[in-house]
Every structure is written in structure tokens, then in C-alpha cells.
Amino acid sequence: MLYSIYMNEPNIDPKLLKPYDPKETENRIYKIWEESGFFNPDICIEKGVTDKDAETFSMVLPPPNVTGTLHLGHAATLTIEDIMTRFARMQGKRTLWLPGTDHAAIATQSKVEKILEKEEGKRKTDLGREEFLKRVEKFAQESHDTIVTQSKKMGASLDWSREAYTLDDKRNFAVRTAFKKMYDDGLIYRGHRIVNWDPKGQTVISDDEIVYKEEKTKFYYLKYGPFIIGTARPETKFGDKYVVMHPNDKRYKEYKDGQTINLEWINGPITATIIKDESIDMEFGTGVMTITPWHSNVDFEIAERHHLDKEQIIDKYGKLLPIAGEFSGIKIKDAREKIIVKLESKGLVDKIEDYVHNIATAERSEAFIEPQIMNQWFINVNKPIKDRENKSLKELMLEAVQNKGINIIPDRFEKVYYNWIENLHDWCISRQIWYGHRIPVWYKEKEIYCDIEEPKETGWEQDSDTLDTWFSSGLWTFSTLGWPDLNSSDFKKYHPTNMLETGYDILFFWIARMILMSTYLLGVVPFKNVYLHGLVRDAQGRKMSKSLGNSLDPIDLAQKYGTDAVRMSLIIGTGPGNDTKMSEDKIRAYKNYANKLWNITRFILSNTENIKYIEKFENYVEREKILIEERDNIIKDITKEMEEYKFYLVGEKIYHYTWSRLADIIIEESKDILQNGSEEDKNSRAEFLLDTLTKILKVLHPFMPFVTEEIWSILHIDNKKLLMVEKWPE
RNA sequence: GCGCGAUUAGCUCAGUUGGUAGAGCAACCCGUUUACACCGGGAAGGUCGUAGGUUCGAGUCCUACAUCGCGCACCA
């Protein structure tokens, strides 16, 4: 009996007699991969699975923040990049996918601060810099270990021997080297300029770390001498002694630029100066405003243009300074009502309207940003650079994409990138936090010293600030490959990298900064291609978050359905740049698919037991020749689509071929052929089935690496290597 | 204000260069001793957001509009 052979036939692997069990399989397979050393391109060459002079494929993993555990977004990143990596490796390329983690300065520090507050009721200042940093490092180490374990669980074929950390010694050396060079070139400068101050986090943040939130508030019309001025923030108005209007505003043509007027204000009489400036919107409010240069970007610029005095009104903690007179020391949010009461009593309030506007908050601490003028470190993005044909950083960043040195997928993000660069201001890189790369600058009285190493003489004190975390991330494609040692063999071999794959949400934060650093420091692009994926959302399309309670843990899902199923469901139905919606139904479907493949294998092996698989079988009959042509055309399409990064199409194509075509049609008709056909027909069909199975395993391997490797290990094939280093089928 | 994306079956989404619409899940009917019930067979379900246009032919290209979402800028 044909169908009962396997029941008592010892030749079939007993594993096949049960349904596919990912739990039993995955860790074992990953260990075999790791022990083979094939994640490391050098070992692939040493063991002869990759040619010594093979084409290179290199890519860095976007280093996850050491702020906890991986979420589905990371799982998507790992899956897409692992598909790229495994495909390249099977194509015979010298393939490096380099792992690492990110110290994520502000994010990690504030996380530990929150834990400290919650568990011990302490602040970081209670511990002191050194002790607090020990706590952060311990937390970071634990997060790191979790992240590595989880990445392995996802099947990522990362070269762990090259693992890096954005804050380890090598990367710190790279950071100091880069800083010193930029300082010497005059690109890094210390400036007394208006910055985004986070009163809660007690640090400056960059423009990109601001999140705008809509706020309903009041809009006050106040009598300011002969004018009515509009403001949403009366609490900042104490020092306002300039009143600004558009030079073409006919309503105010009797007032001349520079003219002074005396008027009664919050705390008594003042003298105000008329300023005419074209930046004023005549349509907004009354077309007249007073300015607070210390606490408003726009006002700061007006004051700079007209060389006006600037006065601080609010301190670092959000309290009013003595200039506010009787309101001194009051928190600004409490002061507003009180000030309005006083203004009303003086008859200076004209009217009050409801108003909706966007308010700047800090991404991490969620506090309202208070612009302040402070001494901070900046990167000048407009200064011409001698070694780079007098181009500015802005121009270098623009050209890298415009000249097609970098290809962005999907290309609509090129526009977004250009738009961002056009609006780019000098990048504030200093942070008043403790966890991060310390600024390599030392002070002694009025002297200042910048170098890679600290000064030898005594008496120098290092700047207490640390660098924006994206400064070190910007160096990532080459700091991980041995830079600043230009003779490093990794650097020479793998830079520029071929691909940078990440979520579109960090286009500005990270991708732009890497382009900045690489084009400036090395004169080359950091990567030739950028592939941007979307965010992973829940079944309702909401962003996954702990507070909503809708976040799915990729590791839980992998435990439940198998990693291959999770990977497949993250890929199929998702084009580049578009958000993905995840649901357990979808994952369940691909769990069934893994098992289907398992059963297809069982059928084929149990029905071809006396047949030896011959890779280049020559006696196919006409019926199989037709099937082979169909199959090989599909494989050709698949290869082309893999090269075009259309993984969502490939995954679906393989799925359909194996299930609807191979299983439902071809295998069904094979039952008859294998039982009743002639010897020639039987052999032809058996060879076709074995050949097709091996090819499906190969093209499916980048997507579902575990189940394919496991089935591969069961097949009887001569000179078999691990599937992960087998050649991609032609 | 500028720009981008989405709108396709009940739900969630694919649809690569324009050629008579696809998947997963759900719902319906039939089938279970032999690869697989983590299954098979069958049927049902869509005027592809609206209105125009180009074309022999439009889900796909163009224009306008609507709704939802996102980014940037502004926010006195």
C-alpha cells in the first residue's frame, strides 16, 4: 500500500510523523547556524562557501536602544534585513550584517531616572554622577542581553563577532576623533544662542526631539500704549520693550522705526521702542506684537536683526525671575491667571478669545519646551568646508541624494528629505545629561582646549555636557568597521555599505546624520541604498503602545506560532514605506503554512523512497517538462523581485505556488501517477517532486529560515551544506 | 500654509510596465481510515471614495473634490 509505507518504514525521519514543532526546532537550528560560523563572512571564505573575491553585501543593523525589550517594529526590521542578508549570502556574496545596540542617551537616562524615582524615591542628584551612571550601565547591560537573546530568537543571521555599542571604547574614540576634526574645521562652535530647553529633563534638546501637541488656550488682547497686542503668553511679557509691526502696515504708518513711546505696563511705566520688521504678519491679530527674544525663536531672530537687548524672564526651572517684580519666583503656569487679574485691574485687557495652537513639548519628558538663550555646542550646517570643494554640510547632504549616490526606496521620501534639509538650522549637539559621550573639551580659566585625549597638565576641567546620541549614531556605518583606522580591513572591504534598512520615522534623526558625517569625514556616502519600512500597528491601525495595552510581544508570538510564521506575517501585505497592521489571525495562517510545507515533505519523501534525487535528471517526460518550465519561470520572477526588494510579492508567490499549485494540484495528481504510472512516468514525477521541494526550500529560506533548514536536514542530498549557505536556484 | 500617503469583498490588506479583480480571517454548503482537519472540494461576496478627462481599453495615468492619517513650517 502506497500510503501506508511510512507508518512502519524506518527510512523516513520520525520527526515527520508528527506535525511541525517550531518550539523544538528553532533554538536547536539557531545554535547550529551560530556554531557553523557562517554569519561571519570571513569564516564563509575560510570554509569555502563564499569565493574570496566575491561581490560584497554589507549592512548595519539599526542599533536598538538599550531601553528595554524588542517590540514588533524591531521584529519587522530584523526580518526584512535578515531576508536581504540571507538572500545575498545564498547568492554567493561576501555578506556582512553587523549588529549593535544604541546607548540612546536621553531615552535610557530618563528611563533609569523613572525607575529610581518609582522604586527608591530618589533623584539622580541624590546618587551623584558616578553612582547614577553605574545604575544606568547596569540597566543598559541587562537590556542589551535581552535584546541579543530576542534577536537570535527571531532568527537574525547577524555576525555577532563584530557586535558594537554606540558608547563602547572604540566608538568613543571615533566620536572624539570626529568632534576634534569638526572643531578644527570650525564646524563645531560654542554659541550663546536660543535653544530648546526642557525644564523637566533639565537639558537642551534638538529641533527633531520636539513633539508638537495641540493646546486649547486663551488669546489675550492687551493694551500696550496706543497699540493693542495679542499674546497667548502674558507671563513672558514683563521685559517687552520693543513693539514690532510691518513697515507697509498703513494702520501704523505714523509710527517711525526707532521711535520711543512711554506707556503703562504690568509693573509700572516703561519706555518702548518701535521696530519695523517684514516678518510680521499683518493679518494676524492686530498686526502688532511685542517681543520676548530670550524665550521665542522668532523674537530672537528679530532682535538679532535689529541688534536689540535681550532679557531673561524665566529661569531654568520655569519660574519667573526678579524682573517680574511681585510675581518673581512663581511658576509660569500659575502666574498667567494672576497677571491677567492685575492687567484687568489696571484696565489693560482689551478682550480675551479662545485659541488653539500647537505647543512644543519634549519627546522624552513630555514637558513644555521653554526656549532659552544659552551657551551650547552647535554644528554649523552652512559653513563652506575647504576639503569638500567649499560645500556646506547642508549641500553635501543634499547632493548625496540628488546625485543618486544614495537611492531611497520608496522614492517619495527623497522629497521629504529635501524638505527637511531646506529647513535645517545649526544642530545643537550638547546635552546636560550624564549618560553619553562626554564633550572632548577642557577649560582652564579663560582658555579652551579641544583634543582627542585630555590635556596632560593639571588644572583643566572637562566640559560637563554630553553629546546628542545621534552624534555617535551618525558615525555608525564606519565606526563599526574600524574607523578612524583607515587601514582597517573591514573598513576597506565593507564601506560604503550597500543597504541601510530602517523605519521611515528616523529618516531625519539617523539617516540624515549618517549622510552628514560620512560625506564630511570620508567624502563618500555611508550607504548606496536606503529601504524604509513602515510602522507596525495593531489590527485597528493604532500605534502599538504599552499604555493602550495593544502591544504584541514578538517573542510571545514566536513562542505561540513559531518564528517563521511571525516573520512571514510581517512581510506579506506590506510594501516599503507603508504601515503594517498585525493580527494574530494573519500569523496563524502562516503557522499553518509551515505545517503544510512539513506535510508536503512527508508526502514526497514517503512516496519517493526508492528514488535517488538527481539534481540534473535528464529523463523527464513531457508532463514534467511543462511543470518545470512553469516552476522555473516563477523562480526567475522571484529572483528578480528579490533584487527589487519586493519581498511582499515574493512571499505571497511562494506561498501560492506551494499551496494552491504544488499541494492542491500537482501532488493530488501525483498520487495516481506514482501508483499506476509506467516506470518512466514514476521516475519523472518523483524527480520533479524532489527537485521542486529543494528549490522551494531555497527560495523560501530567507523568509522562513527555521522550518526550511529543518526540512533540508532531513532530505537525502549528496554534498549537502547547511541550507543557509546553499546556492540560490537559477 | 506646503507636502506626502490612504480610500479595493463583512474585517485587515495585496494588486510590479493600463489588458475582463486577489489573499488571510469571518460567514455558507459538502467531504474525515491513509501527506496534511494546522485539511480538501464547492459556492457566495466588489459599479476598486466621488465627479470629470486621456485611451480601443483605467483599480492602475491626468484634473478637481471629499473623508481619514502623517510629515514639515507657522503659532505675537
Side-chain angles (χ1 to χ4, degrees), chain A residues 1-7 12 16-17 19-20 207-208 212 214-215 217 219-222 229-234 236-237 240 243-245 279-281 284-292 296-299 302 355-360 410 412-413 415-416 418-420 422-424 504-505 507-508 534-535 537-541 543 561-562 565 569 572-575 577-607 637 640-641 644 646 648-653 655-656 659-660 663-664 667-668 670-671:
Chain A
M1 279 295 289
L2 180 70
Y3 300 126
S4 59
I5 287 171
Y6 72 86
M7 295 299 287
I12 293 291
L16 280 175
L17 302 180
Y20 173 60
D207 294 347
D208 296 290
Y212 287 95
E214 203 168 79
E215 187 198 43
T217 182
F219 194 72
Y220 305 91
Y221 288 89
L222 307 177
I229 58 156
T231 181
R233 299 197 61 192
T236 66
K237 296 280 146 200
D240 287 13
V243 56
V244 192
M245 59 212 68
S279 69
I280 301 300
D281 180 356
F284 191 92
T286 56
V288 184
M289 65 182 245
T290 62
I291 57 166
T292 314
S296 155
N297 294 28
V298 176
D299 296 3
I302 293 172
Y355 185 57
V356 178
H357 67 156
N358 289 327
I359 189 153
R412 61 185 154 90
F413 283 102
K415 260 191 182 175
V416 180
Y418 296 144
N419 182 257
W420 179 79
E422 277 159 29
N423 291 311
L424 186 63
Y504 64 74
D505 53 331
L507 179 62
F508 308 140
L535 306 172
R537 299 175 178 277
D538 73 358
Q540 279 88 50
K543 205 168 172 173
Y561 301 102
S569 65
I572 293 186
T574 315
N578 291 337
D579 293 353
T580 323
K581 295 198 178 94
M582 269 301 270
S583 65
E584 294 204 36
D585 281 346
K586 199 172 166 187
I587 306 172
R588 202 175 294 120
Y590 295 111
K591 173 187 160 59
N592 294 351
Y593 176 58
N595 193 54
K596 187 76 183 180
L597 200 65
W598 193 253
N599 282 303
I600 287 171
T601 306
R602 182 193 301 164
F603 177 86
I604 292 178
L605 293 190
S606 62
N607 286 287
D637 287 350
K640 184 167 167 276
E641 284 161 357
E644 292 166 352
K646 290 173 181 163
Y648 51 107
L649 292 178
V650 175
E652 217 175 343
K653 207 162 264 181
Y655 178 89
H656 271 111
W659 203 311
S660 311
D664 290 350
I667 284 185
E668 284 307 315
S670 299
K671 290 176 183 172

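Fair warning: this is a prediction, and the values are worked out from it, not measured in the lab. Note on naming: letters A, B, ... go to the chains in the order of the sequence lines (proteins, then strands), and numbering restarts at 1 for each one.
- Closest to the side chain of A:Lys646, out of B:A73, B:U16, B:A35, is B:U16.
- B:G1: Watson-Crick or G-U partner is B:C72, with both key distances under 3.5 Å.
- Of the candidates B:G15, B:C39, B:C38, the closest approach to any side-chain atom of A:Trp659 belongs to B:C39.
- Shown here, B:G18 forms no base pair; nothing in the strands shown gives a Watson-Crick or G-U wobble contact with both key distances under 3.5 Å.
- In this entry the distance linking CG of A:Leu16 with P of B:C36 reads 12 Å, nearest Å.
- Comparing B:A35, B:G5, B:A14 by their closest approach to the side chain of A:Arg412 singles out B:G5.
- Within 4.0 Å (heavy atoms only), A:Leu605 reaches no atom of the nucleic acid at all.
- As rounded to whole Å, 16 Å separates atom P of B:U34 from atom CD1 of A:Ile667.
- When the P atom is used for both B:C70 and B:C25, the distance is 31 Å, rounded to whole Å.
- Each of A:Asn599 and A:Glu644 lies near RNA chain B, and the nucleotide nearest A:Glu644 is the one positioned closer to the 5' end.
- One P atom belongs to B:U12, the other to B:G18, and the distance between them is 29 Å to the nearest Å.
- Checking B:C36, B:G3, B:G15 against the side-chain heavy atoms of A:Lys415 singles out B:G3 as nearest.
- Note: CG (A:Leu649) to C1' (B:A23) measures 12 Å, nearest angstrom.
- The same atom, C1', is picked in B:C28 and in B:G69; the two are 36 Å apart, to the nearest Å.
- Between A:Asp281 atom CG and B:A73 atom C1' the separation is 14 Å, expressed in whole Å.
- A donor-acceptor contact under 3.5 angstrom links the side-chain atoms of A:Glu668 to the base of B:A35.
- When the C1' atom is used for both B:A14 and B:A21, the distance is 11 Å, rounded to whole Å.
- Judged by distance alone with a 3.5 Å cut-off, a donor-acceptor contact links the side chain of A:Lys596 to the base of B:C36.
- Between the A:Asn595 side chain and the A:Tyr20 main chain, a donor and an acceptor come within less than 3.5 Å of each other.
- Taking atom CD1 of A:Ile302 as the reference point, atom C1' of B:C74 lies 13 Å away to the nearest angstrom.
- Distance check on atom C1': B:C48 versus B:U8 gives 4 Å, rounded to whole Å.
- If you take atom C1' in B:C29 and the same atom in B:A44, they sit 10 Å apart, rounded to whole Å.
- Comparing atom distances between the A:Glu652 side chain and each of B:A23, B:G71, B:C75 picks out B:A23 as nearest.
- Base pairing annotation: B:U32 forms no Watson-Crick or G-U wobble pair, as no partner gives both donor-acceptor distances under 3.5 Å.
- Shown here, B:U63 forms a base pair with B:A51; the pair counts as Watson-Crick or G-U wobble because both key distances fall under 3.5 Å.
- Using cut-offs of 30° and 60° for the angle between ring planes, the A:Tyr655 and A:Tyr590 rings count as perpendicular.
- Candidate nucleotides B:A73, B:U16, B:A14 were compared by shortest atom distance to the side chain of A:Asn578, and B:A14 ranks first.
- Shown here, B:U12 forms a base pair with B:A23; the pair counts as Watson-Crick or G-U wobble because both key distances fall under 3.5 Å.
- Looking at the side chain of A:Asn595, the nearest of the listed nucleotides B:C36, B:U16, B:A23 is B:C36.
- Comparing B:A35, B:U16, B:C75 against the side chain of A:Val298 picks out B:C75 as the nearest.
- Partners of A:Thr236 under the side-chain contact (heavy atoms from CB on, under 4.5 Å) rule, at least two apart in sequence or in another chain, are A:Arg233, A:Thr292, A:Ile314.
- Comparing A:His357 and A:Tyr655 along RNA chain B, the residue whose closest nucleotide (by nearest heavy atom) sits nearer the 5' end is A:Tyr655.
- Side-chain proximity of A:Asn419 to B:C72, B:A35, B:C25: nearest is B:C72.
- Counting only heavy atoms from C-beta outward, the side chains of A:His357 and A:Phe219 never approach each other to under 4.5 Å.
- The CG-P distance, from A:Asn358 to B:C70, rounds to 12 Å in whole Å.
- The separation of B:U7 from B:C62, taken at their P atoms, amounts to 15 Å, rounded to a whole angstrom.
- When distances are taken from the side chain of A:Tyr212 to each of B:C4, B:A35, B:C75, the shortest belongs to B:C75.
- The distance from atom CG of A:Asn423 to atom P of B:C75 is 13 Å, rounded to the nearest whole Å.
- Between the CG atom of A:Asp505 and the C1' atom of B:C70 there is a distance of 11 Å, rounded to whole Å.
- Comparing the P positions of B:U16 and B:U54 gives a spacing of 24 Å, expressed to the nearest Å.
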